[in-house]
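A short write-up of the structure that comes next.
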Amino acid sequence: MLDPKLLRNEIDKVAAELARRGLKFDVDNYNALEARRKDLQVRTEDLQKERNDSSRRIGQAKARGEDIEPLKAAVAMMGDVLKAGQAELLETQGALDAIYMGLPNILHESVPPGLSEDDNLEIRRWGEPVNLGFEAADHVDLGAALGQLDLEVAAKIAGSRFAVMKGQVARLHRALIQFMLNTHVEEHGYTEVYVPYMVNRDSLTGTGQLPKFEEDLFAVHGEQEYFLIPTAEVPVTNLARGEIQDAELLPLRFVCHTPCFRSEAGSYGKDTRGMIRQHQFEKVELVHLCRPEESYAELEILTGHAESILRRLGLPYRVIVLCSADTGFGAAKTYDIEVWMPSQKRYREISSCSNCEDFQARRMQARWRNPETGKPELLHTLNGSGLAAGRALIAVMENYQQADGSILIPEVLRPYMGGAERISPN
RNA sequence: GGAGAGGUGGCUGAGUGGUCGAAAGCGCUCCCCUGCUAAGGGAGUAAGGGUCUUAAAGCCCUUCGAGGGUUCGAAUCCCUCCCUCUCCGCCA
């Protein structure tokens, strides 16, 4: 959520910022609503004061043993007027809130302008795409030949966009997750957390998935309403919802492995083959909570931590900065890390690292106490994949495939694979 | 699943339908006194929002788990929901 004060005071500036995202903001409509809000709120609060004063006088009169009936009669009619005003204010405030909740974050000045993902800018590359010496198979064929990846049986059990892994491939997937968690905890100093995989509406509103993107989520309908998490960013960032952090504890850095569930509504026909885009996938997520002045330094650090996983795995990648059109709803700036996929002969997203500044923090009132002012102030929140495990798995399979259809296991994963060096057909 | 007890400020914990945003204690901040492995005294110390302002201060509204209701007036009474704890049952 953007700061309502910013909209009130500098609406034209905000509209110009939103235009960078290709959004046309109806300034006149907003100004009219806001004028109405102000008028109603001032009048309603005046009435409330009047009522409070009268009630207090009634109490005092009663204490003195006076007849309070005439006083009561005088205030009686006020109730209805007040109630009507409150209802009107609530309605107007609701309309304004709908606007506030629907507006994306303001982009950082360094975000390049653009109209589509084609305008994203490459920042750096690491590693050289390996020359296999033969035509690269994709992970679907590799997995099928190994007899350890079965998408058909997954479709039978659940439907499309699910996978069943077996044997060494299943273990490699698990090894990747363990490797990532251990690296972030032991070498990058993260605090590991375990969190619920189903969350309530408030949490999803806090991180920005709701109310606007409900169709992307899987809802669980029982006595209580739950949603399956689309990313660990939701439960982990919401750890701070409604809390005030001690300044000396910042920055907070959490790492968390969870499954992620996404409906992928609107991506019909996109990445239908294989494990690139699944309804259910595993991810190791990094979340930073920090002081506002350090959040862009934290974004570089977080992105670096995600990159280091790919380096250790020996997987070629590049880092891009998303352009104005491609930057997500809650983010002020996002780096995507893309890993080389030999079968597609191009880089594919494997991590997305964002600084949301105070956008999520304002929605969820996630704050820290600034020792200089003594007051609670909004935190900045960041999140990034470190990394998506399913995509990391297929990147390893494809980049480490051998002419005989076996897959070499990257050195750093071997301790997690019982010392095995290679995955061969069953 | 059954029975019961609770949810109050950073923490502990009082609270009678009427100056209660709320006693007291702890913690924290500042000041004073004193002087050495301490102690004593005083003051201050919740959050959100609005209004005015360059800003601050001030003034006002709201908030005692959440949402409704009764009332001139609700932390206090009523309803619904959520959560925590204890006992029983079941269970990974």
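FYI, side chains are in, hydrogens and waters are out, and symmetry mates aren't considered; it's all heavy atoms of this structure. In the text below, chain A, chain B and the rest are named by the order of the sequence lines, each starting its count at 1.
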Tell me if a side-chain donor or acceptor on Gln401(A) pairs with a main-chain N or O of Ala137(A) at a distance below 3.5 Å. yes
Around Ile123(A), counting heavy atoms of other residues, nucleotides and ligands shown, do more than 12 lie under 6.0 Å from its CD1? yes
Base, sugar-phosphate alone, or nothing: which one does Arg43(A) contact when heavy atoms must sit under 4.0 Å apart? nothing
Between Tyr296(A) and His108(A), does the ring centroid distance fall short of 6.0 Å? yes
Nearest-nucleotide wise, let me know which of Pro4(A) and Gln60(A) is further upstream toward the 5' end of RNA chain B. Gln60(A)
Considering every strand and a 4.0 Å limit on heavy-atom distances, what is the contact class for Arg362(A): base, sugar-phosphate, or nothing? nothing
Should Glu187(A) and Arg312(A) count as an ion pair when the cut-off is N to O under 4.0 Å? yes
For atom P, what is the distance between G68(B) and A57(B), given to the nearest Å? 31 Å
If you look at every strand shown and take non-hydrogen atoms under 4.0 Å, does Asn52(A) touch a base, only sugar-phosphate, or nothing? sugar-phosphate
Using ring centroids (six-membered ring only for Trp), state whether Phe261(A) and His279(A) fall under 6.0 Å. no
Considering only atom C1', compute the distance from G27(B) to C11(B) and round it to an integer number of Å. 7 Å
Take atom C1' in C90(B) and the same atom in C81(B), then report the distance between them in whole Å. 25 Å
Assert: residue with more 5' nearest nucleotide on RNA chain B, out of Lys83(A) and Gln48(A), is Gln48(A)
Measuring only the C1' atom in each nucleotide, how far is A92(B) from A3(B)? A whole number of Å is fine. 25 Å
Answer with base, sugar-phosphate or nothing: what part of the nucleic acid does Lys72(A) contact at a heavy-atom distance below 4.0 Å? base
Are side-chain heavy atoms of Trp368(A) and Pro376(A) found at a separation under 4.5 Å? no
Heavy atoms, side chains only, cut-off 4.5 Å: are Cys353(A) and Leu299(A) in contact? yes
Please measure how far the C1' atom in A24(B) lies from the corresponding atom in C20(B), and state the result in whole Å. 15 Å
How far does the P atom of C85(B) sit from the matching atom of A47(B), given to the nearest Å? 29 Å
For RNA chain B, list all stems, counting runs of three or more consecutive pairs where every pair is Watson-Crick or G-U wobble with both distances under 3.5 Å. B:1-7 with B:82-88, B:10-12 with B:24-26, B:27-32 with B:40-45, B:46-51 with B:58-63, B:65-69 with B:77-81
Which of parallel (below 30°), tilted (30 to 60°) and perpendicular (above 60°) describes His305(A) and Tyr190(A)? perpendicular
Point-to-point distance, once rounded to the nearest 0.5 Å, from CD of Glu192(A) to CZ of Phe254(A): 12.0 Å
With rounding to the closest Å, how many angstrom separate the P atoms on A22(B) and U62(B)? 14 Å
Under 4.0 angstrom, heavy atoms only, what part of the nucleic acid is Arg64(A) near: base, sugar-phosphate, or nothing? nothing
Determine the Euclidean distance between corresponding C1' atoms of G17(B) and C77(B); express it in Å to zero decimal places. 8 Å
Could you give the start and end, 5' to 3', of the contact zone on RNA chain B for chain A, using atoms under 4.0 Å from its heavy atoms? G18(B) to C83(B)
Classify Arg57(A) by what it touches in the nucleic acid, base, sugar-phosphate, or nothing, heavy-atom distance under 4.0 Å. nothing
Answer yes or no: is there an ion pair linking Arg311(A) with Glu307(A), defined by an N-O contact shorter than 4.0 Å? yes
